[in-house]
Asks: 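Dropping the structure in here first, questions after.
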Amino acid sequence: MKNSGNFLDGLNEVQRKAAVHTEGPVMIVAGAGSGKTRVLTFRIAHLMKKGVDPFNILALTFTNKAAREMRERIVKIVGGNEGKNIWMGTFHSVFSRILRAEHDKLGYPKNFTIYDSDDSRSLIRDIIREQGLDEKIYKPNMVQARISISKNNLMSASSYNNNPQIQEDDKMSGKPKIGLVYRIYNRRLFKAGAMDFDDLLYNTNVLLRDHLDILVKYQDRFKYIHVDEYQDTNFSQYVIVKQLAARHRNLCVVGDDAQSIYAFRGANIQNILNFEKDYPDLQTFKLEQNYRSTKTIVEAANSVIKNNKEQLKKTVWTGNPEGDKIRVLKALTDNEEGHQVARTIYDLKMNEQAYNRHIAILYRTNAQSRSMEEGLRKMNISYKVYGGLSFYQRKEVKDLLSYFRLVINPGDEESLKRIINYPTRGIGETTLHKLLVTANDHDVSTWTIMENIQDFSVDITPATRKRISDFVAMIKSFNIRAHEANPYDLGMEIANGCGLLKELYNDKTPEGVSRYENVQELLNGLKEFSEGGTSFLAPPTQPGEEEKKPSLIEYMADIALLTDADEEDDSRDRVSLMTIHASKGLEFPYVFLVGLEENLFPSQYSVNSRADLEEERRLFYVALTRAEKRLFLSFAETRYRWGSLINCEPSRFIGELDPGCLAFEESGFKKKDERPIRRFKEPYEEKVFRKDPPSKKGPGKNMVKLAQAGKSYTESKYDNSHLKDLRVGMQVEHDRFGSGKVVSLEGIFPNNKAIIEFEDVGTKNLLIKFARLKIVAEQ
DNA sequence: GTGTAATGCTATTGG
DNA sequence: AGCATTACAC
């Protein structure tokens with residue numbers, strides 16, 4: 001623990017001023033890498049040292065992980081145990097807790113369910129169908145986006161339907177019923193005791209607007225409010241903050257307009273640009289010194305962002321060394337891009353002793369991870385992909401979570417629909433449909449119908465009735481214990497009792513095994529939660545309030561709002577792969593920014609609108625400024641999309657970079673018909689066209705050698721690179737199954753599967769990377 | 001009601 | 001190309 005008093009010495013002058021200016025409205029405009037987290041951390045620590053009760057401090061961060069890390073740092077500075085009493089987390093997690101505490105004011109159950117995007121889209125799709133609307137016109141995704149935007153602008157279903165402008169727009173676009181879907185959607189959410197993500201903010205606004213006593217209560221609780229990444233707040237969040245801060249006016253927002261990249265989900269850059277209008281007496285601090293990156297990187301980033309019109313004036317500079325030039329890499333195909341990136345990483349590790357964990361590969365869309373993964377795997381470099389299908393969205397994980405959700409809130413219709421017949425228990429589509437219709441007719445939940453099936457005249461057989469009441473009895477037996485039982489024990493009982501664990505265990509295909517493992521992993525997490533007490537997401541326990549025991553209910557309240565970005569870093573040394581959006585707030589010594597092509601980055605959806613293009617440019621700026629030491633840019637001339645090859649042009653953003661920061665091995669980046677950009681190294685010899693006959697000497701000999709030299713292959717236990725050229729019709733020999741013939745192949749090496757007909761044991765479906773297989777003959 | 005084959009849709013970005 | 005939903009056979 002540090003001695004008190006001197007801890008602020010670790011800040012520069014502006015940082016220190018910003019940290020100690022605790023009273024009144026404050027805006028900290030913080031350039032990339034200027035130490036804003038540090039300022040926020042020290043500021044809160046300073047408040048506590050001054051004697052401010054941590055219960056009175058609120059800090060809203062962009063991810064829960066950021067909150068967790070900041071809390072840890074504050075605890076280190078301040079010492080003692082008080083740090084845990086700060087209210088910290090994302091908007092969604094903090095206000096979902098407040099909504100649970102005040103649930104009765106809004107007529108919601110305390111254990112309301114949080115619907116994720118998939119749940120809410122599925123509900124919207126149901127409503128569209130029930131209303132007899134054409135799904136081709138009323139695309140669920142589009143309707144969902146419209147509803148989401150409305151909620152984030154605090155526009156209720158009624159105002160939506162009563163707004164002449166909107167009604168006119170919807171009519172003109174041939175979709176006059178969106179308002180109706182919105183109204184029904186909200187009604188159904190409420191009936192199910194569920195909120196979608198946007199409701200967590202919307203309903204917080206309703207709560208604060210309609211209940212003055214509640215507003216005053218939280219105004220007085222949150223005497224000091226901090227909002228990180230303020231440039232990415234939406235209107236709904238803006239109003240919440242404004243309301244809460246109205247009484248004490250100690251509001252500190254931190255952000256960088258140049259890094260606003262979430263307009264697509266309602267973030268309003270005007271919130272930060274107009275902060276001064278809302279609080280004319282504000283103090284502004286500009287953090288302009290970058291401590292993160294080399295001069296080259298900072299200058300390159302500046303040269304790009306100056307192409308944007310609307311921004312707050314600031315000049316980011318750094319005292320860091322010049323550093324290496326940014327290298328630009330051209331590849332023939334997306335796959336070759338992956339190979340070259342992997343190869344360059346290999347060189348970095350050899351020549352600069354770089355660790356995997358110091359390296360990030362950033363891309364615009366999740367789909368781009370595939371070619372990067374392939375390249376890394378071949379070079380035997382271990383990596384982790386963030387984002388994409390998150391753990392909690394995997395089918396098997398969501399299935400079990402749906403049981404948990406239903407146990408906690410039997411009104412949760414989306415969960416009910418998901419698992420009522422999984423594992424199959426003879427309650428099929430027709431029965432479910434009858435139940436849903438009856439529920440709708442009586443305006444009660446499907447669960448209520450099932451619970452009282454004898455009271456309703458539903459046309460179903462006695463056998464099916466029995467199955468339904470068995471199901472109801474099972475869920476109820478878990479439900480009565482949801483409050484007090486040990487969450488892990490209860491979770492295990494549910495997983496076993498519902499038959500899901502057995503179902504997965506019996507599936508011996510490679511995918512089935514992995515599904516089983518995923519469920520086990522979920523249960524392990526639940527176990528940790530059970531043993532570790534309440535979570536970091538829970539609000540501090542108020543004085544006089546009894547300490548919360550871990551329960552399944554608490555667990556579910558937590559994980560509904562967790563994302564991949566919140567995962568604790570593991571200690572494994574792995575390269576990070578993620579979208580640029582996901583990289584926000586992170587930094588790496590080595591950054592590879594890939595896929596710099598027109599219509600990919602900037603995205604095809606953005607090129608026709610100035611505002612959208614500026615957002616893409618800010619995204620590019622964010623990507624560049626993640627790098628501390630060295631930065632590599634790359635693009636491919638052709639790329640597979642929807643399974644077919646398309647031609648690409650280099651991104652305009654490359655042309656916007658100050659050429660002096662770039663390393664071209666020849667004359668530099670010119671017009672598209674010139675070919676000045678050479679690869680970093682000799683190109684990896686790769687077949688561009690799939691139709692080429694399999695190479696006689698096998699896949700790049702060097703690759704194999706490197707793969708053998710390395711220690712741990714990311715996934716495979718065996719070096720099966722000789723199976724890359726496996727083709728249908730080949731004769732093979734298996735360690736255990738004997739000799740056989742390849743019947744079919746699918747997927748991409750080494751994650752491909754082969755169906756092989758063995759002479760002795762019949763047909764087997766094998767995952768190539770695990771198969772102990774030899775090629776015996778070509779035919 | 002259940003399991004498999006065929007179709008069709010998707011890939012901005014995410015709490 | 002890969003996945004989810006739908007169509008169709010048992």
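Letters A, B, ... are given to chains in the order of the sequence lines, protein chains preceding strands, and every chain is numbered from 1. All heavy atoms count here, side chains included; hydrogens, waters and symmetry mates do not.
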Asks: Over 60° means perpendicular and under 30° means parallel, so tell me whether His92(A) and Phe197(A) are parallel, tilted or perpendicular.
Replies: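 Rings of His92(A) and Phe197(A): perpendicular, over 60°.
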
Asks: Does dT2(B) have OP1 or OP2 sitting under 4.0 Å from an N or O in the side chain of Asn421(A)?
Replies: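 For dT2(B), OP1/OP2 do have a side-chain N/O of Asn421(A) under 4.0 Å.
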
Asks: Round to the nearest Å and state the distance from Glu429(A) atom CD to dG3(B) atom C1'.
Replies: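 Computing the Glu429(A):CD to dG3(B):C1' distance gives 13 Å.
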
Asks: Can you name the residues that form a ring-ring contact (aromatic ring centres under 6.0 Å, His included) with Tyr516(A), not counting sequence neighbours?
Replies: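 Counting only residues at least two positions away or on another chain, Tyr516(A) forms a ring-ring contact (aromatic ring centres under 6.0 Å, His included) with Tyr505(A).
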
Asks: Run the salt bridge (Lys or Arg N to Asp or Glu O under 4.0 Å) test against Glu69(A) and tell me which residues pass, sequence neighbours left out.
Replies: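 With sequence neighbours excluded, Glu69(A) shows a salt bridge (Lys or Arg N to Asp or Glu O under 4.0 Å) to no residue whatsoever.
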
Asks: Could you run down nucleotides 5-12 of chain B 5' to 3' and tag each one B, S or - for protein heavy-atom contact under 4.0 Å?
Replies: ----SBBB

Asks: In whole Å, what is the span from the CZ atom of Arg617(A) to the C1' atom of dT13(B)?
Replies: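 So the two atoms are 18 Å apart, to the nearest Å.
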
Asks: Rounded to whole angstroms, how far apart are CD on Gln237(A) and P on dG15(B)?
Replies: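 Spelled out: CD on Gln237(A) to P on dG15(B) is 12 Å.
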
Asks: Using a cut-off of strictly less than 4.0 Å, decide whether Thr430(A) has a side-chain nitrogen or oxygen near OP1 or OP2 of dG1(B).
Replies: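 Looking at the OP1 and OP2 atoms of dG1(B), one of them is under 4.0 Å from a side-chain N or O of Thr430(A).
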
Asks: Rounded off to whole Å, could you give me the CD1-to-C1' distance for the Ile427(A) and dG1(B) pair?
Replies: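 Roughly 12 Å, once rounded to whole Å.
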
Asks: For every nucleotide of nucleotides 3-10 of chain C, 5' to 3': is a protein heavy atom under 4.0 Å from its base (B), only from its sugar-phosphate (S), or from neither (-)?
Replies: ---S----

Asks: Whole angstrom is fine here: how far is it from CG in Asn234(A) over to C1' in dT13(B)?
Replies: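 My rounded result for the distance is 15 Å.
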
Asks: Quick one: side-chain contact (heavy atoms from CB on, under 4.5 Å) partners of Lys139(A), sequence neighbours excluded?
Replies: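 Partners of Lys139(A) by the side-chain contact (heavy atoms from CB on, under 4.5 Å) criterion, ordered by chain and then number, come out as Met142(A).
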
Asks: Can you find a donor-acceptor N/O pair under 3.5 angstrom joining the side chain of Asp198(A) to the base of dG15(B)?
Replies: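 Looking at the base of dG15(B), it does pair with a donor or acceptor on the side chain of Asp198(A) (distance under 3.5 Å).
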
Asks: I'd like to know if the side chain of Asn186(A) pairs up with that of Lys151(A) as donor and acceptor (distance under 3.5 Å, no hydrogens or angles considered).
Replies: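 Note: Asn186(A) and Lys151(A) side chains meet the donor-acceptor criterion.
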
Asks: Measuring from the side chain of Thr424(A) (C-beta onward, heavy atoms only), which nucleotide among dG14(B), dG3(B), dG15(B) has the closest atom?
Replies: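 Given the options dG14(B), dG3(B), dG15(B), the side chain of Thr424(A) is closest to dG3(B).
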
Asks: In whole angstroms, how far is the P atom of dT13(B) from the CZ atom of Arg618(A)?
Replies: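 It works out to 18 Å between those atoms.
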
Asks: Could you tell me which residues satisfy salt bridge (Lys or Arg N to Asp or Glu O under 4.0 Å) with Asp612(A), sequence neighbours excluded, listed by chain and number?
Replies: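 Once residues adjacent in sequence are excluded, Asp612(A) has no partner under the salt bridge (Lys or Arg N to Asp or Glu O under 4.0 Å) criterion.
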
Asks: Counting any heavy atom closer than 4.0 Å, what does Phe601(A) reach on the DNA or RNA strands: base, sugar-phosphate only, or nothing?
Replies: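 It contacts nothing in the nucleic acid.
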
Asks: dG14(B), OP1 or OP2 - any side-chain N/O from Thr579(A) closer than 4.0 Å?
Replies: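 Yes, Thr579(A) has a side-chain N/O under 4.0 Å of OP1/OP2 on dG14(B).
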
Asks: Return the set of residues passing salt bridge (Lys or Arg N to Asp or Glu O under 4.0 Å) with Lys466(A) (not counting sequence neighbours), or none when no residue passes.
Replies: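 If we apply the salt bridge (Lys or Arg N to Asp or Glu O under 4.0 Å) test to Lys466(A), skipping adjacent residues, the hits are Asp470(A).
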
Asks: Within this structure, what is the CG-to-C1' distance between Leu613(A) and dT13(B), rounded to whole angstrom?
Replies: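 In whole Å, dT13(B) C1' and Leu613(A) CG are 15 Å from each other.
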
Asks: Could you give the distance separating dT13(B) and dA4(C) at their P atoms, to the nearest angstrom?
Replies: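 Rounded to whole Å, the distance is 16 Å.
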
Asks: Round to a whole Å and report the spacing from CD1 of Ile580(A) to C1' of dG14(B).
Replies: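 The answer, rounded to whole Å, is 14 Å.
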
Asks: Once side-chain contact (heavy atoms from CB on, under 4.5 Å) is applied, do any residues pair with Asp119(A), and if so which ones, sequence neighbours excluded?
Replies: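 Scan of Asp119(A) (side-chain contact (heavy atoms from CB on, under 4.5 Å), adjacent residues dropped) gives Tyr115(A), Asp116(A), Lys398(A), Arg405(A), Glu414(A).
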
Asks: Within 45° of the ring axis of Tyr262(A) and under 6.0 Å from its six-membered ring centre, is that where the NZ or CZ of Arg265(A) lies?
Replies: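 So Arg265(A) does make the cation-pi contact.
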
Asks: Checking Glu503(A) now: which residues fulfil salt bridge (Lys or Arg N to Asp or Glu O under 4.0 Å) with it, not counting sequence neighbours?
Replies: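 Checked Glu503(A) against salt bridge (Lys or Arg N to Asp or Glu O under 4.0 Å); zero matches.
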
